[in-house]
Every structure is written in structure tokens, then in C-alpha cells.
Amino acid sequence: MKIGFLAMSGIRAHDPKLLEMGLTLPGVVERSKVVASLPSLGLLYLAAVTPPEHELHYFEVESDGSEPPEVYTCDLVAISTFSAQVFEAYAIADRLRRTGVRVAMGGLHVSVRPNEAAEHADYVIIGEGENVWPSVVEACSASPSPLGGEGGVRGSGKGRRFWKAAEFPAVDVSHLPMPRYDLLADRPYNRFTVQTSRGCPWRCDFCASNVMLRQKYRKRPVPDVIRDIQAIADLRKRPFLEFADDNTFVDKEWGKELCRQLAPLRLKWFTETDISVADDPELLRLMRAARCRQVLIGLESPEQRALDGMEMKTNFKARRWDTYMDAIRRIQDHGITVNGCFILGLDGHTPDIFPEVLDFAMRAALYDVQITVLTPFPGTPLYDRLLREGRLLQPERWDLCTLFDVNYQPKNMTVEQLRQGLYWLTERLYSEEYLLRRRRPFFENLWRQHDRSTNHIQQIQQPLLVG
Ligand code: B12
């Protein structure tokens, strides 16, 4: 069969005022450029486990959200879904199926809303795909074709529709194949994703990443990670790496080994982790030596009340709140920039939160700041709670799951106050003036350290400012 892997990249937001600001504010433009296009790692993993007799192609949707015409020449198309683009994905799936192309859908969204997806896909995969996918391909290949004539590989609509990862052997991350980066050919990605771990030990009520993983936090063997990175480096000159992890440095000793083995590759990278990364000075030194350029950390709120109970296992975030300021300083002192993420509109937030976030970001001299509104993603405890409390404005409007569009009733402010506060903060945080003021201490500190000289500073500025 000819199998297409159709990725839906790019960022999504609907709020018109925010979109308008995004086109002009330096900080937003900069970040959008960086993340605008990343390959779909999930689909590259599926390609890697596809039985070898099939012909594989990787596609990206066009910038207007339409599918490239070549996908219609495929017998089977695999689509990966996030909530924000799931309606676009369903529309593409419907069009494909009308011409007899069979469609398999998986990923975060359909894993928690499989019945909805079954209206649009021949095969709905729930959970991690690696061990299920070969059987889906086999089933598709063997099933008869009402539209396709001879050979029998096109169009069906019959057969087994739901494929649950839980009914197959659990994915063992110590034996993951190498994602098929080679299928990306020379597409113009500015970053490449690699996974070093899956999952996160914490359970934040709003978090949508963990919802379908049935296993605990898992780390990959370091040599396997290096193998994957080497493969990317063989395909692209000096690639910038983004670790598509939920929380990379949970295990500090493993993290140190990862950094030791990364260092000789001399590649720059970015990752997501939690604030405890600052606890270990040796780890920070090794991260710097391994050319870590930025860590993204979910701080969520500059004040403790709103954090209380958010992490449901050990109240991790509320417990660590009073270490935030010092931890950020320690990380940035090592020449690693911090991208501090804040969620606006938590139940503990009043309209005072907007100047508080601004004040915290300036005082902490956060190199980058990400502000998003509380977003009820399907499958999360937050979604269920807001639904129970009658606070979802438009339940099942998955297209609003962008992190920037308000779709719930905040507890201690109005929807309009939340929107206006978001605009107010966006205008300030990402303006040139505030951006320079926030970043100046980072560079001054590097100069003061007199270390690695201007070269190091230029190396940091280059990927972060240019994208
Ligand atoms: C990299 C990334 C991106 C890249 C995605 C590039 C791409 N084309 O895939 C970019 C920067 C474009 C991006 C954009 C957005 N993102 Co994003 N992103 C991530 C991140 C950091 C890693 C995703 C990843 O690579 N995971 C690793 C792979 C291996 O896992 P996976 O994709 O889940 O795939 C596995 C299974 O799901 C399954 N599977 C997946 N697809 C399929 C398909 C089939 C057929 C089968 C069988 C199986 C299968 O098998 C795979 C292997 O096990 C996650 C956080 C996280 N840790 O997950 C957020 C995350 C996915 N993003 C999120 C969000 C909100 C967004 C945006 C809406 C932000 C915005 N406002 O624009 C946009 C949406 C863009 C879009 N087009 O839909 C949310 C999504 C929540 C949700 N329910 O939708 C996450 C979880 C972050 C968060 N915690 O809130 N993102």
C-alpha cells in the first residue's frame, strides 16, 4: 500500500485582537517563528514501525489548512490530532474517505474522544501508537475495497474501528525504533524534535499531555537518544533540537549522563522540565556544557494560593513556589535561558494577577515568558470539573483549545476581564522595551562572568532571536 502520514503543524488561535498583536509585538513574532513548524514526531515513530513492504510518504497540511493533493494518491492516510485542529483534521478525513482513501486517526485528542473520531475515520487508535500500528496497517491491507477495484486496498468503512493500545503489549521506551526523520526530506523545519522521555511524574489538573499515557514516567536509554540525534545531524547541517518531553530532568543522574553524551555533538537544544532542575549545580553545569539554550518551565502562577491543589499527587507546584525566584536566577546564571510559563485565570486569580505576573517576570529577569489562559482540554480533570460546575462556555468547541481563547467562566473575574488582562499583559511583556529590560540582566551576567566570551552570548542570541 501507499501510506501517507499527514501532519498538521503550525500554531492556532482565534481571538482577533491577540492575532493582531501577534503580528507586531516582537516577543510574539519571535516565538511564533520558532514553533511555527516542527515535524510530527508521533507520525515519524509510526512510519518507523510500519511493515517494510509499504511505500511511505510524509505530508504537511498547507498553510491554509487544506491537504496537499498528493495525499489522494495514498491507500491509507494516518493523521495525528491535537484538539485545536481536530475539526480541520475531521474535515480532511471526510474528504479523503469520500474518494476511497482510508483514514487512521490517533494522537492526544482522539485518544480521549474516540467515539467522536469514529464518525470520520476508518481506524481510531487510542493511546501510544507504536505497538498497535502494524496491526492496523495489516488490517487495512487485507480488507476488501468497495471503491478501489482490483487489488482491493482502497475505501472500506467496514472492519474493526477502535484499536486500543491497552490491548497490545505496552510500549517499551528502551526499545524505541529511530523515528523516520529521513522522510522529512528537505522540508524547511527550523527545529527537530527528539524524545528523551515520556510522561511526567506530576499530575497537574489542567495538563493535556499525560492523559493517554498508561505508564509511569519513562526515560529512554541515553545511547538511543544520541543515536536519534546523530541521525538528524547526518541529515541536516547543525540542527537545533527540541526535546518533545513533558519533563526531561526528573532523574538528575540520568540527566547528567544525557548531557555528558550530548556535549561532544555540539548541538544546541531546548527542553521542558520542572523547577527542580535548579537543585543540582552539577547538572546545570553539564547542561550548559552540552549547549542547552533554554528550559521551559511551567511556573503557572507567581502567587501560591492559585497553585494550591493544582498538582494532584504531592502539591508539587505549591510546595516549590517559594523557590521560583532563586531557581530561575541559578539556571540563568549558568547561561541557560528560562522560558517561564504562566496560566492566567486560575481559580485563585483575581484581576490583580496581570500586574503580578508582569512584576514577577521583570524581577526574575525571565528571558522568555509564555502566558496562556486556563484551557480545559478534553480528558483532563480540569475539563471534567468545569463541566460539572457548569463553567464551560461552549463545551466541545475543541477549536478553542488553543491556550489563547477563553472558553470557561473564571471564578474570580469576568470573561471580559480575563481577555482584557491577557491583552494588557501581552502588550507589555512582549514589547521591545520590556523584552530588552527583562533580558538585559541575563546578558550582563554573562559578560560579568567573563566566561566563554562574546561567542557564547552570540550563540545564545542567534537561535532565540532569529528562530
Ligand atoms: C511538539 C509540539 C507541538 C508542535 C507539533 C508539531 C506536529 N506537527 O506534531 C507544534 C509547535 C506545531 C505544536 C503546536 C501546537 N500545540 Co503542541 N505540543 C508539542 C509537544 C511539546 C510535543 C508533542 C510530541 O511530539 N510528542 C511526542 C510524540 C511521540 O507523541 P504523540 O504526538 O502523542 O504521538 C504518539 C501517540 O499520540 C500516538 N499517535 C499520535 N498520532 C497518531 C496517529 C495515528 C494514526 C496513530 C496510530 C497513533 C498516533 O502514537 C505516537 C507514538 O506513541 C506537546 C507536549 C507533549 N509533551 O506532548 C505539545 C502539545 C501537544 N501541544 C499542545 C497545544 C495546545 C498546541 C497548540 C494548540 C498551541 C497553539 N495555540 O497553537 C498548537 C496546535 C497546532 C496544531 N497544528 O494542531 C497541547 C495539546 C493538547 C491537546 N489535547 O490538544 C500539548 C499536549 C501541550 C500541552 N500540555 O498543553 N505543538
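When a ligand or atom number is given, it counts from 1 through the structure's own listing order. Note that the structure is a prediction, hence the values are computed from the model and not measured.
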- So is E130 polar-close to ligand 1, meaning N/O to N/O under 3.5 Å? yes

- Message: Rounded at 0.5 Å granularity, tell me how far CZ in F162 sits from OH in Y123.
- Response: 13.5 Å

- Item | F404 and ligand 1 - part of the residue with a heavy-atom distance under 4.0 Å | side chain

- Item | Contact check, side chains of L6 and V61, non-hydrogen atoms, under 4.5 Å | yes

- Does H109 approach ligand 1 within less than 4.0 angstrom via side chain, backbone, both or neither, non-hydrogen atoms only? neither

- Query: Would one find an N or O of E242, backbone or side chain, under 3.5 Å from an N or O of ligand 1?
  - Reply: no

- Heavy-atom contacts under 4.0 Å between W133 and ligand 1: side chain, backbone, both, or neither? side chain

- With heavy atoms and a 4.0 Å threshold, my read on which part of P39 contacts ligand 1 is backbone

- Quick check: does T193 get an N/O under 3.5 Å from an N/O on ligand 1? no

- Query: Going by the atom numbers of ligand 1, which of them fall below 4.0 Å from some non-hydrogen atom of L38?
  - Reply: 1 (C), 4 (C), 6 (C), 7 (C), 8 (N), 11 (C)

- Record the part of V112 in heavy-atom contact with ligand 1 below 4.0 Å; permitted values are side chain, backbone, both and neither. neither

- Message: If I take atom CG from residue L307 and atom NZ from residue K317, how far apart are they, to the nearest 0.5 angstrom?
- Response: 8.5 Å

- Note on the structure: Heavy-atom proximity to atom 71 (N) of ligand 1, picking from V136, L108, T402, points to T402

- Output for pair (L358 CG, E427 CD), nearest 0.5 Å, gives 12.0 Å

- Message: Within ligand 1, which atoms have a heavy atom of A104 less than 4.0 Å away?
- Response: 45 (C)

- Taken to the nearest 0.5 Å, the spacing of R113 CZ from W398 CH2 works out to 4.0 Å

- Query: Considering L176, L44, D246, L46, which one's heavy-atom position lies nearest to atom 58 (O) of ligand 1?
  - Reply: D246

- Query: Where is the tightest heavy-atom contact between L258 and T248, given as atom of each residue plus distance?
  - Reply: CD2-CG2, 4.3 Å

- Query: Rounded to the nearest 0.5 Å, what separation is found between the OG atom of S174 and the CZ atom of R218?
  - Reply: 10.0 Å

- Task: Taking the six-membered ring for Trp and the full ring for Phe, Tyr or His, determine whether the centres of W202 and F316 are under 6.0 Å apart.
- Result: yes

- Query: Which of these passes side chain to side chain donor-acceptor pair (under 3.5 Å) with Y90: E116, E119, Q85?
  - Reply: E116

- Note on the structure: I125 heavy atoms within 4.0 Å reach ligand 1 at atoms 47 (C)

- Message: Between D15 and K17 (salt bridge meaning N to carboxylate O under 4.0 Å), is one present in this structure?
- Response: no

- Query: Are any side-chain N or O atoms of E303 and backbone N or O atoms of A306, one a donor and one an acceptor, separated by less than 3.5 Å?
  - Reply: yes

- Numbered atoms and elements of ligand 1 in range of Q85, under 4.0 angstrom, heavy atoms: 76 (C), 77 (N), 78 (O)

- Note on the structure: Near A84 (heavy-atom distance under 4.0 Å), the atoms of ligand 1 are 68 (C)

- Shortest heavy-atom approach to atom 7 (C) of ligand 1 - which of S40, A89, S111, S80: S40

- Note on the structure: So for R113 against ligand 1, with non-hydrogen atoms under 4.0 Å, the contacting part is neither

- Query: Can you check whether A13 has an N/O within less than 3.5 Å of an N/O in ligand 1?
  - Reply: no

- Query: For ligand 1, which atoms, with element, lie under 4.0 Å from some heavy atom of A78?
  - Reply: 45 (C)

- Note on the structure: The option among F82, Y383, F5 carrying the non-hydrogen atom nearest to atom 91 (N) of ligand 1 is F82

- Message: Quick check on contacts: which atoms of ligand 1 are under 4.0 angstrom from a heavy atom of G127?
- Response: 36 (C), 38 (C)

- Item | Between CZ on residue R428 and CG on residue L435, distance to nearest 0.5 Å | 15.0 Å

- Message: Under a 4.0 Å threshold between the charged nitrogen and the carboxylate oxygen, would R95 count as salt-bridged to E67?
- Response: yes

- Query: Is ligand 1 under 4.0 Å from a heavy atom in the side chain of E272, in the backbone, in both, or in neither?
  - Reply: side chain

- State the atoms of ligand 1, each with its element, that fall below the 4.0 Å cut-off from a heavy-atom position in G42. 28 (C), 29 (C), 34 (O), 51 (C)

- Query: Side chains of T196 and R220: does their closest heavy-atom pair fall under 4.5 Å?
  - Reply: no

